[in-house]
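Below is one structure; the comments refer to it alone.
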Amino acid sequence: MSSHPRQQPAVTVTRLHAMKEDGERIVMLTAYDASFARVLDAAGVDVVLVGDSLGMVVQGHDSTVPVTVDDMVYHARAVSRGLQRALLLVDMPFMSYAEPRAALANAARLMQEGGAQMVKLEGDALQVDTVRYLSERGIPVCAHLGLTPQYIHKLGGYRVQGRDEDAAAKMLADARALEAAGADLLLLECVPQGLAERITGAMGIPVIGIGAGAACDGQVLVLHDLLGVSPRLPRFARDFLAEGGSIEGAVKAYVDAVRAGAFPAEAESFS
Ligand code: KIV
């Protein structure tokens, strides 16, 4: 856990909800260690996500499936030491939340040992019981819909989700059910921008997009994509290092572009 007291005013769940109300865009970015966490925090990133994408960009696996709770605790603890202001969101890895009691035990580890202030889990309305179980016990939850990388072997590929009307209606219904169960944040990955806009308008909680268009309440990217060091840049990402000139400059350029509604552009979105 963090070895230093956080400066005030730190970003809280209440603050994120107020940002949605005020139409102020939320900036989220992944980090996996203390040094990058410090850079993100200083640049004004609101939410730092220790994503299980670390399985791919740090550990070199070809999916997020091999990532363990121990891995997440290790990286979350490192990131928490670099943060003063940003809220620390940590992914629950594959099968760590398959049923509510196990989810509670693992989320408690992420908070107590890793310093998480919110946990994220993937999946549709089937996760409603788990979200309610965690939320009623004081654990803020971010639900993740659309392309859910932990389901890669069921999905059969990293593809845009919710393109047909039935799938779109189901995603909207799932989002509503997860909010009603107590989710504090919703993340939409690789969703057509029109659908993401509909869902964002229907939710009382903030909606963060990645490959979901500019109408979401905020944006997230994987740090390695933003710095152009991923083997293949996804269409929805932008190499901000090219325009920022340095790591600090790249992160600041991303923060400014999200706040201004200038990222993602049309060409970085799906229809
Ligand atoms: O694991 C991760 O980094 C994520 C992002 C893709 C949002 O979930």
Side-chain angles (χ1 to χ4, degrees), residues 16 26-33 36-37 40 45-69 71-76 78-79 86-97 106-107 110 114 116 118-124 127 141-152 155 157-161 175 178 183-191 196 199-200 206-213 216-227 229-238 251 254 258 263-264 268-270:
L16 295 177
I26 297 166
V27 185
M28 187 189 291
L29 188 57
T30 69
Y32 314 98
D33 66 39
F36 278 102
L40 271 53
V45 171
D46 301 303
V47 181
V48 172
L49 167 64
V50 180
D52 62 353
S53 51
L54 69 86
M56 299 170 84
V57 300
V58 177
Q59 297 174 333
H61 296 295
D62 60 4
S63 81
T64 59
V65 171
V67 177
T68 65
V69 175
D71 292 335
M72 297 309 297
V73 166
Y74 175 88
H75 288 277
V79 168
L87 184 135
L88 177 55
L89 170 62
V90 180
D91 260 339
M92 301 203 67
F94 183 69
M95 285 304 138
S96 67
Y97 52 97
N106 288 320
L110 295 177
M118 183 184 291
V119 297
K120 176 162 81 61
L121 49 84
E122 298 179 5
D124 58 16
Q127 298 298 348
V141 178
C142 173
H144 181 154
L145 291 175
L147 174 59
T148 45
Q150 291 173 18
Y151 289 62
I152 187 62
L155 295 174
Y158 296 101
R159 292 194 200 93
V160 178
Q161 303 292 310
L178 290 160
D184 279 296
L185 207 60
L186 176 67
L187 190 146
L188 294 178
E189 178 167 356
C190 289
V191 170
I199 294 175
T200 302
V207 177
I208 310 297
I210 175 165
C216 297
D217 300 307
Q219 300 292 328
V220 60
L221 275 183
V222 169
L223 179 63
H224 291 58
D225 291 342
L226 176 146
L227 296 177
V229 293
S230 301
R232 195 181 55 83
L233 194 68
R235 171 180 154 177
F236 56 75
R238 190 185 297 176
V251 175
Y254 169 68
V258 173
F263 176 80
E268 295 155 333
S269 308
F270 301 105

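Keep in mind that what you see is a predicted model, and the values were worked out from it rather than measured. Indexing begins at 1, ligand by ligand and atom by atom, following the structure's order.
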* Distance to 0.1 Å, residue and atom name: give those for the protein heavy atom nearest to atom 2 (C) of ligand 1. => Ser53 OG, 3.3 Å

* Measure from the side-chain N and O atoms of Thr30 to the backbone N and O of Leu223, and report whether any donor-acceptor pair falls under 3.5 Å. => yes

* Quick one: which ligand 1 atoms are inside 4.0 Å of a heavy atom on Gly51? -> 1 (O), 2 (C), 3 (O)

* Structure fact -> Of Leu188, Leu49, Val67, the residue with the heavy atom nearest atom 4 (C) of ligand 1 is Leu49

* Asked: Can you list the ligand 1 atoms lying under 4.0 Å from a non-hydrogen atom of Asp52?
  -> 1 (O)

* Does an N or O from Tyr32, backbone or side chain, lie closer than 3.5 Å to an N or O of ligand 1? -> no

* Asked: Do Asp217 and Thr200 have side-chain N/O donor and acceptor atoms under 3.5 Å apart?
  -> no

* To do: Assess the pair His144 and Tyr151: is the distance between their ring centroids shorter than 6.0 Å?
  => no

* To do: For the pair Gln150 (side chain) and Met92 (backbone), establish whether a donor and an acceptor sit closer than 3.5 Å, ignoring hydrogens and angles.
  => yes

* Asked: Under a 4.0 Å heavy-atom limit, does Leu187 contact ligand 1 with its side chain, its backbone, both, or neither?
  -> side chain

* Asked: Within the side chain of Asp46, is there an N or O that forms a donor-acceptor pair under 3.5 Å with the backbone of Val27?
  -> yes

* To do: Could you say whether the N/O atoms of Asp91 and ligand 1 ever approach to under 3.5 Å?
  => yes

* Do any N or O atoms from the side chain of Arg238 and from the backbone of Leu226 form a donor-acceptor pair under 3.5 angstrom? -> no

* Residue Thr30 vicinity, atoms of ligand 1 by number, heavy atom under 4.0 Å -> 3 (O)

* Asked: Quick one: which ligand 1 atoms are inside 4.0 Å of a heavy atom on Lys120?
  -> 4 (C), 8 (O)

* Does His144 reach ligand 1, in the sense of a heavy atom lying below 4.0 Å from it? -> yes

* To do: Can you see which heavy atom on Val119 is nearest to which on Leu89, and at what distance?
  => C-CD1, 3.7 Å

* Is there any N or O on Glu189 that sits under 3.5 Å from an N or O of ligand 1? -> no

* At their closest point, which heavy atom of Gln161 faces which heavy atom of Leu147, and how far apart are they? -> CG-N, 3.4 Å

